[in-house]
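Only one structure is covered here, and it is reproduced in the block below.
These values consider heavy atoms only, across backbone and side chains, with no hydrogens, waters or symmetry-generated copies. Just follow the structure's listing: the first ligand is 1, and inside any ligand the first atom is 1.
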Amino acid sequence: MTTNPQITVLIDDSDLHNELRADVRGGMASHPKWMPPKWFYDKRGSALFEQITQLPDYYPTRCETEILLEHSKDIVTAAKAHTIVELGSGMSEKTRILLDAFHNHGDLRAYYPFDVSDVTVEDSLEILTQTYPHLKLGGVVGDFTRHLHHLPTGEGRLVVLLGSTIGNMLPTERAELLTNLRQELKPGEQFLLGADLVKDTQTLIAAYDDPQGVTAKFNKNLLHVLNRHFDGDFQPENFSHVVIWDDKAAVIEMRLRAQKGMRVDLSALDMELTFQAGEDLHTSVSTKFRPDALRAELDAAGFGVTHHWDDERNYYTLLLAEAI
Ligand code: SAH
Ligand code: TRP
């Protein structure tokens, strides 16, 4: 027998709208202009991200899938979890590899996706309910940078964060996330973290600048989101998708560059933005990690890394850590 999964909604549309307004007021008044990356993921943005994961040049999803397929039994043995909570779960596609492995080799009882996008949580749960009738399912619509104190409870938790989403945070934001997460967990509870590694520049850039232009569309989707929320008149075609590798910081920077001088009206905010020709709006970072440095970040937050699994080419790593 299956029951409908319960979804805890910590942000509704009006909270989202207010938060986005605050981010616009802060970010668009800064030099350089910037916006936090969570606003890419409305319905259209989430669908575009799914397309990114299929692109020939976007290796992270394939690497992570390869690691999960290759080592799922070892992961289950090492993780011993009864409850999985997944942050930034998206459509939980790769997670199914884990759920299947736990079904075959472990004793998993519950799975909770936790994502800022309500449609994503609803859609993924609907699919999962049909495939995993033996699992207790529930979900959280929330922001993992603000709502970790609402982390679902359960016996023997494993918190999962895949897709190198950790890399979309700045160092201080990462430290805060890891520390907050550690505080929510009991000693011995675990954290499975997927992270993209430093590699040759060409491979890195190609993953974020595909010839099909899907990543450009995803990046520009931010402007559509702003237009819709604030009755804006951004013309996305007047911005170009720019990808820069900052070797020193080991960060891919995503920007939108104004191709000419322009004014943009956000009527609902009574706000007029001015862009100089060539001016960049910073939209996201995607940090690439060195394994030792990432372990040190986990250490500093009170996690001990017990296992790691990498793909054949050492492009990507999956770390299993334990709350100390
Ligand atoms: N885990 C999936 C999806 C990664 S895309 C994968 O590996 O393919 C990043 C996901 O994180 C999106 O679904 C987005 O909605 C979610 N997300 C981004 N920022 C978030 C935040 N601050 N809080 C909760 N979810 C967030
Ligand atoms: N976590 C993904 C990554 O860093 C998110 C991502 C993929 C992304 N492509 C992007 C973020 C383009 C912004 C722009 O790889």
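A heavy-atom separation below 4.0 Å is not found between T61 and ligand 1. Using a 4.0 Å cutoff on heavy atoms, P37 does not count as a contact of ligand 2. Heavy-atom distances between S89 and ligand 1 reach below 4.0 Å in at least one pair. Residue contacts with ligand 1: G194 is excluded, as none of its non-hydrogen atoms falls under 4.0 Å. Under the 4.0 angstrom criterion for non-hydrogen atoms, S164 is in contact with ligand 2.
Only side-chain heavy atoms of T165 come within less than 4.0 Å of ligand 1; its backbone N, CA, C and O stay farther off. Residue T283 does not touch ligand 2, judged by heavy-atom distances below 4.0 Å. Heavy atoms of S284 found under 4.0 angstrom from ligand 2 belong exclusively to the side chain. Heavy atoms of Y41 found under 4.0 angstrom from ligand 1 belong exclusively to the side chain. Counting heavy atoms closer than 4.0 Å to ligand 1, residue S92 contributes nothing at all. With a 4.0 Å cut-off on non-hydrogen atoms, M91 does not touch ligand 1 at all. Residue contacts with ligand 2 for T215 involve side-chain atoms from C-beta outward but no N, CA, C or O (heavy atoms, distance under 4.0 Å).
Between E184 and R157 there is no salt bridge, since no side-chain N of the basic residue sits under 4.0 Å from a carboxylate O of the acidic one. Using a 4.0 Å cut-off between charged side-chain N and carboxylate O, R263 and D265 make no salt bridge.
Of the protein's non-hydrogen atoms, the one nearest atom 6 (C) of ligand 2 is F49 CE1, 4.0 Å. Regarding atom 4 (O) of ligand 2, its nearest protein heavy-atom neighbour is S286 OG, 2.6 Å. Atom 14 (C) of ligand 2 has as its closest protein heavy atom M254 CE, 3.3 Å.
Here atom 22 (N) of ligand 1 lies nearest to D143 when heavy atoms of D118, L177, D143 are compared. Here atom 1 (N) of ligand 1 lies nearest to G88 when heavy atoms of P113, G88, G163, G90 are compared. Counting heavy atoms only, F218 comes closest to atom 10 (C) of ligand 2 of the residues F218, Y58, F40. Selection from T120, D115, N168, L162 by nearest heavy atom to atom 15 (O) of ligand 1 gives D115. By heavy-atom distance, the residue among F40, F144, F49 lying nearest atom 26 (C) of ligand 1 is F144.
Aromatic ring orientation, H134 versus Y132: perpendicular (interplanar angle above 60°, classes split at 30° and 60°). F275 and F239 have perpendicular rings, their planes meeting at more than 60° on a 0 to 90° scale where under 30° would count as parallel.
Seen from the ring of F234, K220 does not count as a face-on cation partner, given the 6.0 Å and 45° thresholds.
With hydrogens and angles left out, the side-chain atoms of S92 and T95 include no donor and acceptor closer than 3.5 Å. Checked by atom type, the side-chain pair N219/Y208 shows no donor-acceptor distance below 3.5 Å. For the 3.5 Å distance criterion, the side chains of Y58 and T215 fail to qualify, holding no donor opposite an acceptor.
Considering backbone and side-chain N/O atoms, N168 comes within less than 3.5 Å of an N/O atom of ligand 2. Considering backbone and side-chain atoms alike, G163 places an N or O below 3.5 Å from some N or O of ligand 2. The N/O atoms of Y41, backbone and side chain alike, include none that comes under 3.5 Å of an N/O atom in ligand 2.
Of all heavy-atom pairs between M169 and T145, the closest is CE-CG2, 3.6 Å.
With ring centers used as reference points, F218 lies under 6.0 Å from F40.
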When you look at R313 and E66, which way does the salt bridge (Lys or Arg N to Asp or Glu O under 4.0 Å) test go after all the steps?
CA-CA 11 Å; R313 295 177 292 186; E66 174 191 324; 5.6 Å; no
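Within a 6.0 Å sphere centred on CG of D12, heavy atoms belonging to other residues, nucleotides or ligands number more than 12.
Side-chain atoms of R182 come within 3.5 Å of backbone N or O of G302 as a donor-acceptor pair.
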